[in-house]
Asks: 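Below is one structure. I have some questions about it.
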Protein chains: 2
Amino acid sequence: MSPSGHPVDALGALVEALKHLPGVGAKSAQRMAYHLLQHDRPAAQQLAHALQTAVSQVRHCARCHTFTEQPVCLTCLDPARDARQLCVVETPADQAALERTGSYRGLYFVLMGRLSPLDGIGAQAIGLPELIDRVWDREGVPVEEVIVATNFNAEGEVTAHVIAEALKPRGVRVTRLARGVPVGSELEYVDLGTIAHALSERR
Amino acid sequence: MSPSGHPVDALGALVEALKHLPGVGAKSAQRMAYHLLQHDRPAAQQLAHALQTAVSQVRHCARCHTFTEQPVCLTCLDPARDARQLCVVETPADQAALERTGSYRGLYFVLMGRLSPLDGIGAQAIGLPELIDRVWDREGVPVEEVIVATNFNAEGEVTAHVIAEALKPRGVRVTRLARGVPVGSELEYVDLGTIAHALSERR
Ligand SMILES: [Zn+2]
Ligand SMILES: [Zn+2]
């Protein structure tokens, strides 16, 4: 119901729902709704179906926390990957950027975020306890090196620092991508050559 | 199926579907998908439901062409509106902006677009034949004045000109909002006082 007591109409409800998308304000939501209803109803139906399928099917990998439709993702299950190396990234997009370089054959741990105390995102929210368990796990191949590939901005650096402090006492080598990656940039926007270079010169 | 022959995963399908929203590129779509799946699955379900409801329920008013869930919209059915005046606007958002001024008590015709020959949007697409029929209709209260309130940019001006040329030979008074509205601007972003002023000084 709207504040005036009239039932919210279907168009108004659609505009409201679109406003929940990140970066979409009232005007953009209205334009999106008009566009879909006037020019592309098949796209609206496709989006509705994709949303429902994703919400019901997509979960987090029990090993690396990335999005997957299986209990454990295909990367974690891949026997060709080097389980002695574990690369910690903020998002699946960052993981995808590293994969595209073709320079890394180890495994991943995806934080699905970064530390941001001001936003209430603490160690639990980025899975730090599970990361420590993962590294500490003495079943299977032991992790010898954790490559921290969080973004090179303030929150990413803090996240990297906290991870390094948590892991160093446990006898694992903790490295960081070399600073070939421009400071202040977001990893997923960096060109592949720079990422490959930074990977080979990690410290 | 993806080009590689693997089935497209639910996350990838969601990103693709989000890219159909106007103004949303690959990076934005990915961020939207991650945000919904990581932080706001209820919003994803709400959006899916709103899309399906809107696609199945929202149609065009048989009288004025605006979006409605009834055969004829509530504005067209309102006996308190002055049927001698017909205001032609490009979008429901423009109609809503005029309504918010409280200065207009006539009826509307919503083009649901504007003439744009380069984009293949001609007189049929904006309902010009139906507008002429609507003005020419001798059942009910005759339309005495058509106020053309298309936007004051190039395409809106061309649209206004074509409408005026089509209606003038039929003996109806065709006016245009006064140029108090800044040239080059989009009506829905103009402040209410300016719109009200332009309405009272229509020529
Ligand atoms: Zn995994
Ligand atoms: Zn109507």
Side-chain angles (χ1 to χ4, degrees), chain A residues 6-24 27-60 65-70 74 91-93 96 112-113 125 186 188-189, chain B residues 6-24 27-60 65-70 74 91-93 96 112-113 125 186 188-189:
Chain A
H6 292 352
V8 167
D9 62 313
L11 176 60
L14 176 56
V15 172
E16 286 304 310
L18 286 164
K19 281 163 61 180
H20 282 101
L21 294 172
V24 176
K27 289 286 179 195
S28 296
Q30 196 175 59
R31 282 169 186 268
M32 287 175 174
Y34 289 171
H35 171 80
L36 290 173
L37 290 173
Q38 185 68 14
H39 301 295
D40 208 350
R41 292 188 181 217
Q45 286 173 310
Q46 184 192 344
L47 178 55
H49 181 258
L51 285 161
Q52 285 176 325
T53 303
V55 165
S56 67
Q57 300 296 323
V58 175
R59 61 177 89 182
H60 291 98
H65 285 195
T66 197
F67 290 126
T68 176
E69 291 170 61
Q70 287 80 40
L74 293 177
T91 68
M112 304 303 291
E186 308 252 320
E188 65 174 293
Y189 295 99
Chain B
H6 292 353
V8 167
D9 61 313
L11 177 59
L14 176 56
V15 172
E16 285 304 309
L18 286 164
K19 280 163 61 180
H20 282 101
L21 294 172
V24 176
K27 289 286 180 196
S28 297
Q30 196 175 59
R31 281 169 186 269
M32 287 173 173
Y34 289 172
H35 171 81
L36 290 173
L37 290 172
Q38 185 68 14
H39 301 295
D40 208 349
R41 292 188 181 218
Q45 285 173 311
Q46 185 192 343
L47 178 54
H49 181 257
L51 285 161
Q52 284 176 325
T53 303
V55 165
S56 68
Q57 301 295 324
V58 175
R59 61 178 89 181
H60 291 98
H65 286 194
T66 198
F67 290 127
T68 177
E69 292 170 59
Q70 287 80 40
L74 292 176
T91 68
M112 303 303 292
E186 309 251 322
E188 65 174 294
Y189 295 99

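Every chain is numbered from 1 and lettered A, B, ... according to where its sequence line falls, protein lines coming before strand lines.
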Asks: Looking at chain B, which one of L21(A), T53(A), D40(A) has the largest number of heavy-atom pairs inside 4.5 Å, strictly under?
Replies: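 Of L21(A), T53(A), D40(A), L21(A) has the most heavy-atom pairs under 4.5 Å with chain B.
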
Asks: Name all residues meeting the side-chain hydrogen bond (donor to acceptor under 3.5 Å, both in side chains) criterion together with Q38(B); count only those two or more places apart in sequence or in a different chain, and write none if there are none.
Replies: H60(A)

Asks: Return the minimal non-hydrogen interatomic distance between A44(B) and V55(A), and the atom names on each side.
Replies: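 Where A44(B) meets V55(A) most closely, the heavy atoms are CB-CG2, 3.5 Å.
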
Asks: Could you measure the distance from the CD atom of Q57(B) to the CG atom of D9(A)? Nearest 0.5 Å is fine.
Replies: 11.0 Å

Asks: Could you tell me which non-hydrogen atom of V58(A) sits nearest to which non-hydrogen atom of L11(B), and how far apart they are?
Replies: CG2-N, 4.1 Å

Asks: Using a 4.5 angstrom heavy-atom cutoff, name the option from A43(A), S56(A), A50(A) with the most pairs to chain B.
Replies: A50(A)

Asks: Would you mind checking which part of L36(B) comes under 4.5 Å of any heavy atom in chain A, side chain (CB onward), backbone (N, CA, C, O), both or neither?
Replies: side chain

Asks: Under a 4.5 Å cutoff for heavy-atom pairs, which residue among H39(A), H49(A), R59(A), Q30(A) has the most contacts with chain B?
Replies: Q30(A)

Asks: Select one option (side chain, backbone, both, neither) describing which atoms of Q46(A) are under 4.5 Å from chain B's heavy atoms.
Replies: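 Both parts, backbone and side chain.
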
Asks: Considering all heavy atoms of both residues, which atom of A10(B) and which atom of E69(A) are nearest to each other, and what is their separation?
Replies: N-OE2, 2.6 Å

Asks: Output all residues satisfying side-chain contact (heavy atoms from CB on, under 4.5 Å) with A29(B), sequence neighbours left out; order by chain, then residue number.
Replies: V15(B), L18(B), K19(B), V24(B)

Asks: Would you say K27(A)'s side chain and E188(B)'s backbone share a donor-acceptor pair under 3.5 angstrom?
Replies: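 Yes; at least one donor-acceptor contact below 3.5 Å.
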
Asks: Hey, what do you get for CG (L47(B)) to CD (Q52(A)), rounding to the nearest 0.5 Å?
Replies: 10.0 Å

Asks: Need one label for Y34(B): side chain, backbone, both or neither, based on atoms under 4.5 Å from any heavy atom in chain A.
Replies: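 For Y34(B), the contact with chain A is made by backbone and side chain together.
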
